[in-house]
Amino acid sequence: MIKVYNSQSQSKEDFLPSDPVKMYVCGVTTYSDCHIGHAMSYIVFDTIRRYLEYRGYSVKHVQNFTDIDDKIIANANRLNVPAKELADGLIDNFFADMDALNIQHAHIYPKVTEEISDIINLVKGLIDKGYAYQSEGDVYFRVNSFTGYGKLSHRSLDEMVTGDQGQHLDNKEHPMDFALWKSAKPGDPEWDSPWGKGRPGWHIECSSMSLKYLGETLDIHGGGQDLVFPHHENEIAQSEAYTGKAPFAKYWMHNGLLQFEKEKMSKSTGNLITIKEALSLFSSDALRLFVLSSHYRSPITYTKDNVVAMSRGVQRLRQAAFSESNATESDNIVDGEPFKNRFIEAMDDDFNTAQAVAALFDLAKEINKGQKAKMQVSKAQKMLTEFAGVLGLTLKEEESISLDAIPLIELLIETRKGLRTAKQWELADNVRNGLLALGITLEDKPSGTTWKA
RNA sequence: GGCGACGUAGCCAAGUGGCAAGGCGGGGGUCUGCAAAACCCUUAUUCACCGGUUCGAAUCCGGUCGUCGCCUCCA
């Protein structure tokens, strides 16, 4: 039985989903390139999905693009391009990042700008039911009308008002009322609506899209912990108010936030590293292992050193998975079953990837010891690769040298071999050091010399 | 001010009542012309601090100190 920690109940619950599993993960607002905090979140939910699929569930995964909002408009104006052009370019970049991180695509990626009429209908419905009101071309959700408001983030409206430090428009009935529809300023992208020209507020799109593509009750609703309030709280209010059905989501899953060098990484402070930058330094396997080495609900701190350590770890797994067998004792087989059981037990317990990774490393060690004892390891190696795959690790060697250079390198290795046979150690070492200076490392093994970049 | 999370070896990080997973790094070894790589072995009598409950606590309770997040745009 898989157990899942539900942010709303603040406890682990038995995972009893519908079939297929309906999984909605909050996507990005497309106003700048994705950073490594996004990478963490999407690696986490990709791994959860991969594991569910491994365990035989079929998963329907929907993830939105919020491709119209204040910041997109502001950045588009600054860059002097249409908002749509900016958003579309960033969506292309998003997919490139996801592919590079070996993150499976969602089944559906709805965009706000293509869902406007559904959103308008949802807002209309909320007004009709008395949960929302129009005010000077804007439409607001009436938080006082929804009795469960605050049940996800565990706070009351009174607390929010007392502690609130934000600025408020004075055309709202209650300071915590939030916009479902915003009137357009001159020059903004705009759509016709019963309340005049404007565009959707921030939270409504997720309610609309999840209702449309997955129905009234989601199994898993995921996102970063920073979305708990107000975004997910507001989604619950809108969705449950509209459908009259609770819960909107059976399991609320929130990943811990990625810290960058001691500080929270946030778009507003510009304190961030993009996925592209991280991938120029590290392999996707290293970045994934970095994320999956701790529990998904804990915050993690990105530092170069931390990820470098993970690169080494990946190397160790890769080595064990692909080392050539020299088995002579065909009867003696390395048994991977105990590790399989550990892996599954760990992942069943709220996707404890840290423990699952530990099982992988122990399996790697078992394989290495088996190799030394000349045992059969191919089955265990296959298992290692399979479980690495469940975590989205490719265990592939990174090729970063241009193909043209390879014959040249091999020629030098051949030349050096001659020098070594002639015991011309100094000249042989010169060749090796020269290549090292160019970033190519030679490794002399009993079977011959290999190289890597 | 309100709400919440966390503090485990040099670093990262699991474990939430019964002898402290795993990775990186360090140390020792195997291999090797040397080196590198790889592999093996090893590396916390102790879990921020103080008190309590218990036969037994990193794990439960109370307190202290410290770090961080949310309450405003965020994955």
With no angle test and no hydrogens, is the base of B:A21 tied to the side chain of A:R342 by a donor-acceptor pair under 3.5 Å? no
Determine whether a donor-acceptor pair (one donor, one acceptor, N or O, separation below 3.5 Å) exists between the side chain of A:R432 and the base of B:C34.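 Per atom types, the contact qualifies.
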Salt bridge between [X] and [Y], side-chain N to carboxylate O under 4.0 Å?
| X | Y | answer |
| --- | --- | --- |
| A:D138 | A:K172 | no |
| A:R288 | A:D46 | yes |
| A:R49 | A:E53 | yes |
| A:E13 | A:K3 | no |

Output the single nucleotide from [options] whose closest atom is nearest the side chain of [X].
| X | options | result |
| --- | --- | --- |
| A:H35 | B:A75, B:G23, B:C71 | B:A75 |
| A:D429 | B:U72, B:G33, B:A38 | B:G33 |
| A:Y42 | B:G15, B:A75, B:G33 | B:A75 |
| A:E443 | B:A36, B:A75, B:C39 | B:A36 |
| A:Q259 | B:G25, B:A75, B:C68 | B:C68 |
| A:Q355 | B:C39, B:C71, B:A14 | B:A14 |
| A:R155 | B:A75, B:C71, B:C24 | B:C71 |

What interatomic distance, in whole Å, is found between [atom1] of [M] and the corresponding atom of [N]?
| N | M | atom1 | answer |
| --- | --- | --- | --- |
| B:C6 | B:G10 | P | 23 Å |
| B:C3 | B:A44 | P | 42 Å |
| B:G63 | B:U45 | C1' | 27 Å |
| B:A14 | B:A9 | P | 13 Å |
| B:C39 | B:U32 | C1' | 14 Å |
| B:G1 | B:U8 | C1' | 33 Å |
| B:A21 | B:C41 | P | 15 Å |
| B:G66 | B:A75 | C1' | 28 Å |

Any strand counts, and the cut-off is 3.5 Å on both contacts for Watson-Crick or G-U wobble. Which nucleotide pairs with [N]?
| N | result |
| --- | --- |
| B:G62 | B:C50 |
| B:U45 | none |
| B:G18 | B:C55 |
| B:C39 | B:G29 |
| B:C68 | B:G4 |
| B:C34 | none |

With a 4.0 Å cut-off on heavy atoms, is [X] in touch with a base, just the backbone sugar-phosphate, or nothing at all?
| X | result |
| --- | --- |
| A:R316 | sugar-phosphate |
| A:A358 | base |
| A:D70 | nothing |
| A:G222 | nothing |

[X] [atom1] to [N] [atom2], straight-line distance once rounded to whole Å:
| X | N | atom1 | atom2 | answer |
| --- | --- | --- | --- | --- |
| A:L435 | B:A36 | CG | P | 17 Å |
| A:I72 | B:C73 | CD1 | P | 15 Å |
| A:H154 | B:G4 | NE2 | C1' | 10 Å |
| A:E426 | B:A35 | CD | C1' | 15 Å |
| A:Y302 | B:A75 | OH | P | 19 Å |
| A:H174 | B:C71 | NE2 | P | 17 Å |
| A:D350 | B:U16 | CG | P | 12 Å |
| A:H254 | B:C3 | NE2 | C1' | 16 Å |

Could you tell me if the ring centre of [X] sits under 6.0 Å from that of [Y]?
| X | Y | answer |
| --- | --- | --- |
| A:F248 | A:H221 | yes |
| A:Y5 | A:Y251 | no |
| A:H254 | A:H232 | yes |

Short side-chain N/O contact from A:R312 to OP1 or OP2 of B:G25, under 4.0 Å: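 So the side-chain polar atoms of A:R312 do come within 4.0 Å of the phosphate oxygens OP1 or OP2 of B:G25, strictly under.
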For nucleotides 8-13 of chain B, 5' to 3', base contacts (B), sugar-phosphate-only contacts (S) and non-contacts (-) with protein non-hydrogen atoms under 4.0 Å give ----SS
Determine which pairs satisfy salt bridge (Lys or Arg N to Asp or Glu O under 4.0 Å) with at least one residue from residues 337-348 of chain A, sequence neighbours left out, and list them in order. A:R55-A:D348, A:R342-A:D362
Donor-acceptor contact below 3.5 Å, side chain A:T353 vs main chain A:A356: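 Checking the backbone N and O of A:A356 against the side chain of A:T353, no donor-acceptor pair under 3.5 Å is found.
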Along RNA chain B (nearest heavy atom to each residue), the more 5'-positioned of A:N255 and A:A359: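 Whichever sits nearer the 5' end wins; that is A:A359.
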A:S153 vs A:Y296, nearer the 5' end of RNA chain B by closest nucleotide: A:S153
Derivation of the salt bridge (charged side-chain N to carboxylate O under 4.0 Å, His left out) call for A:E190 and A:R199: CA-CA 6 Å; A:E190 58 186 29; A:R199 58 194 158 79; over 6 Å; no
What heavy-atom pair brings A:K396 and A:R318 nearest, and what distance separates the two atoms?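 In terms of heavy atoms, the two residues are closest at O-NH2, 3.4 Å.
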Interatomic spacing from OH in A:Y31 to CG in A:L86 - rounded to 0.5 Å: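 Interatomic distance, A:Y31 OH to A:L86 CG, rounded to 0.5 Å: 11.5 Å.
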Going by heavy atoms closer than 4.0 Å, what residues in residues 360-372 of chain A are next to RNA chain B?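 Here the set is A:F361, A:D362, A:K365, A:N368, A:K369, A:K372.
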Assess the side chains of A:N255 and A:S41: does a donor N or O sit below 3.5 Å from an acceptor N or O?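 A:N255 vs A:S41: donor-acceptor pair found between side chains.
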